[in-house]
Amino acid sequence: SSSFSFLENSSFSSVDFIEGNDSPVNRIDIQTHWLGKTLHAQVNSSAIQVKNLQLSFVLQKSLFKRNRRLLKAVDNVSFTINQGDTFGLVGESGSGKSTVAKVIAGLHRPDEGHISVLGQDVSSNPKSKASRNARRAVQMIFQDPYSSLNARMRVLDIVAEPIRFYKLTNSEQETLEVVRDILDHVGLGTDSAFRYPHEFSGGQRQRISIARALASRPRILICDEPTSALDVSVQATILNLLKDLQEELGLTMLFISHDLPVVRQMCDRIAVMRHGSICEVSDTEILFADPKHEYSRHLLDLMPRMDLLT
C-alpha cells in the first residue's frame with residue numbers, strides 16, 4: 001500500500017505519513033511555534049523587485065576589451081513578485097532562469113541593475129547590515145539535493161547550521177528542539193537527525209534541503225527546479241509540501257522550472273525567458289489561455305496533450 005493518501009480532484013498528494021515509514025507526521029502549530037515568528041512581521045506589498053538586471057560571464061579574457069568574449073546570461077530583466085505569491089520563471093535550458101535566481105540570492109553579483117528584497121535595496125551595498133538582514137529572509141532550494149548538502153554532516157547539523165550562524169535561538173537545547181520539530185514537520189521524523197545524506201532517497205534529501213531553508217525563518221523561498229531530479233511519484237509530494245508550507249508560513253516563492261504543467265499548478269504569475277531576456281510576464285491562466293509572445297506560444301505547443309493519446 002502507498003505511504004501517501006491522494007486528495008480527490010487534486011493534482012498533488014497530501015503528505016500524511018513520514019516518507020519511508022508508517023508513522024504519522026507530527027505537525028507543529030505554526031502560530032505558536034518558533035518557526036512562525038515571522039508571520040507577524042511587517043508586510044510589504046512587494047517581496048522582490050528586480051529592475052534592469054544585467055550579468056555577463058567572461059568566456060575569454062584579454063587585456064584589450066575588443067578581444068574579450070562575453071556571454072550575456074541576463075539581459076535587462078525586470079519583474080516584481082508580490083508578497084505571498086508564487087512567481088514562475090520558465091524557459092528552455094540556458095535561458096538564464098537559474099542565473100537570475102542566483103543573483104537574487106546573492107550568489108552572483110550583477111553587472112548592472114537593482115534588486116530590492118522586502119523593500120530593502122540589496123544590490124547597491126550588499127555588505128551592509130540591512131542588506132545582510134534582507135538576504136537572510138531569502139533561502140534557496142536547489143535542483144540536486146545531494147550536491148547541495150554536505151555529505152560529511154549529519155542532518156541535525158545541516159539543518160541547525162543557519163540557526164547557529166544567525167544566533168536565532170537562546171540555547172543549544174532550543175536549537176536541537178527546533179531542528180527536531182522542523183524535521184517532523186517536513187515529513188522526515190526525528191530519527192533522521194543522526195543520519196547522513198547518503199542514507200536517504202532523492203525525495204528525502206530534498207526534504208532535508210527544505211528543512212534547512214526553513215531553519216533561518218525565511219519569508220521568501222527560491223525553488224530552482226526542486227523536483228526535476230526526482231521520480232514522478234515523489235515530485236507531487238514535494239510540491240504539495242511546498243504549497244502547504246507557503247500557506248502556513250505566508251511565504252513568497254520564486255519557482256523555476258521547465259515543466260509547464262507543474263508551473264501552471266504552482267504559480268500565480270509567470271515570466272517566460274529566452275536568451276537571458278524576458279519575453280512575456282502574465283497571470284498564469286491568461287498566459288496559458290492567450291500567450292502574446294511567439295516564443296510563449298511555441299513553449300505551450302510543446303506541452304504534452306492528452307487528447308493526442310486517445
Side-chain angles (χ1 to χ4, degrees), residues 2-4 12-13 15 17-21 23 25 89-90 92-108 138-165 175-176 178-216 218 220-246 251 253-259 262-263 266:
S2 174
S3 297
F4 300 93
F12 304 138
S13 58
V15 182
F17 292 91
I18 295 170
E19 188 174 334
N21 198 328
S23 304
V25 171
L89 272 182
V90 301
E92 61 193 23
S93 296
S95 60
K97 308 183 300 294
S98 295
T99 304
V100 169
K102 290 175 181 177
V103 172
I104 295 172
L107 300 178
H108 290 314
V138 181
Q139 292 297 316
M140 195 161 178
I141 300 168
F142 295 91
Q143 178 177 355
D144 182 1
Y146 190 61
S147 63
S148 68
L149 300 173
N150 189 330
R152 295 173 179 263
M153 294 175 67
R154 298 176 306 172
V155 171
L156 171 64
D157 296 312
I158 290 172
V159 178
E161 188 173 25
I163 300 175
R164 292 166 178 159
F165 180 81
T175 299
L176 298 179
V178 167
V179 170
R180 291 190 182 103
D181 286 346
I182 294 176
L183 291 175
D184 256 343
H185 201 67
V186 300
L188 282 169
T190 55
D191 291 344
S192 63
F194 300 100
R195 295 162 64 188
Y196 292 86
H198 73 269
E199 300 179 58
F200 296 89
S201 68
Q204 289 170 327
R205 289 173 192 157
Q206 198 60 287
R207 290 175 191 272
I208 298 170
S209 298
I210 293 170
R212 178 182 58 185
L214 294 178
S216 66
I220 300 167
L221 283 184
I222 299 176
C223 304
D224 186 6
E225 305 212 31
T227 60
S228 63
L230 306 178
D231 294 338
V232 175
S233 59
V234 179
Q235 288 182 13
T237 64
I238 297 298
L239 294 171
N240 188 77
L241 175 61
L242 290 172
K243 291 292 283 185
D244 285 347
L245 292 171
Q246 181 181 30
L251 297 172
M253 287 202 296
L254 172 58
F255 193 88
I256 299 164
S257 181
H258 60 267
D259 191 330
V262 167
V263 170
M266 293 291 292

By side chain to side chain donor-acceptor pair (under 3.5 Å), which residues pair with Arg195, not counting sequence neighbours?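 Counting only residues at least two positions away or on another chain, Arg195 forms no side chain to side chain donor-acceptor pair (under 3.5 Å).
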Side-chain touch [X]/[Y], heavy atoms, less than 4.5 angstrom:
| X | Y | answer |
| --- | --- | --- |
| Cys223 | Met253 | yes |
| Leu254 | Ile220 | no |
| Tyr196 | Met153 | no |
| Ile238 | Ile210 | yes |
| Pro197 | Ile158 | yes |
| Thr227 | Asp259 | no |
| Leu107 | Met140 | yes |
| Leu214 | His185 | no |

For [X] versus [Y], what's the shortest heavy-atom pair and its separation?
| X | Y | answer |
| --- | --- | --- |
| Asp184 | Gly189 | OD1-CA, 3.3 Å |
| Ile256 | Ala101 | CD1-CB, 3.2 Å |
| Ala215 | Ile182 | CA-CD1, 4.1 Å |
| Gln139 | Pro218 | CG-CB, 3.7 Å |
| Ile141 | Ala213 | CG1-CB, 4.1 Å |
| Leu251 | Leu245 | CD1-O, 3.9 Å |

Main chain of Val186, side chain of Arg207: is a donor-acceptor contact present, judged purely on distance under 3.5 Å? yes
Quick one: side-chain contact (heavy atoms from CB on, under 4.5 Å) partners of Ser192, sequence neighbours excluded?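 Testing Ser192 for side-chain contact (heavy atoms from CB on, under 4.5 Å), a comparison that skips the adjacent residues, returns Leu183, Leu188, Phe200.
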State which residues pass side-chain contact (heavy atoms from CB on, under 4.5 Å) with Gln143; sequence neighbours excluded, sorted by chain then number. Glu225, Ser228
Supply the atom-to-atom distance [X] [atom1] to [Y] [atom2], rounded to the nearest 0.5 angstrom.
| X | Y | atom1 | atom2 | answer |
| --- | --- | --- | --- | --- |
| Glu199 | Arg205 | CD | CZ | 10.0 Å |
| Asp244 | Thr237 | CG | OG1 | 11.0 Å |
| Thr99 | Ile104 | OG1 | CD1 | 11.0 Å |
| His258 | Leu89 | NE2 | CG | 14.0 Å |
| Arg212 | Ile163 | CZ | CD1 | 12.5 Å |
| Phe255 | Ile222 | CZ | CD1 | 13.0 Å |

May I have the step-by-step check of salt bridge (charged side-chain N to carboxylate O under 4.0 Å, His left out) for Arg164 and Asp157, ending in yes or no? CA-CA 9 Å; Arg164 292 166 178 159; Asp157 296 312; 3.1 Å; yes
Before you tell me yes or no, could you show the steps for Leu241 and Gln206 under side-chain contact (heavy atoms from CB on, under 4.5 Å), namely the whole-Å CA-CA distance, both residues' side-chain angles and the distance that decides it to 0.1 Å? CA-CA 11 Å; Leu241 175 61; Gln206 198 60 287; over 6 Å; no
Verdict with supporting geometry, Ser95 and Glu92, side-chain hydrogen bond (donor to acceptor under 3.5 Å, both in side chains): CA-CA 6 Å; Ser95 60; Glu92 61 193 23; over 6 Å; no
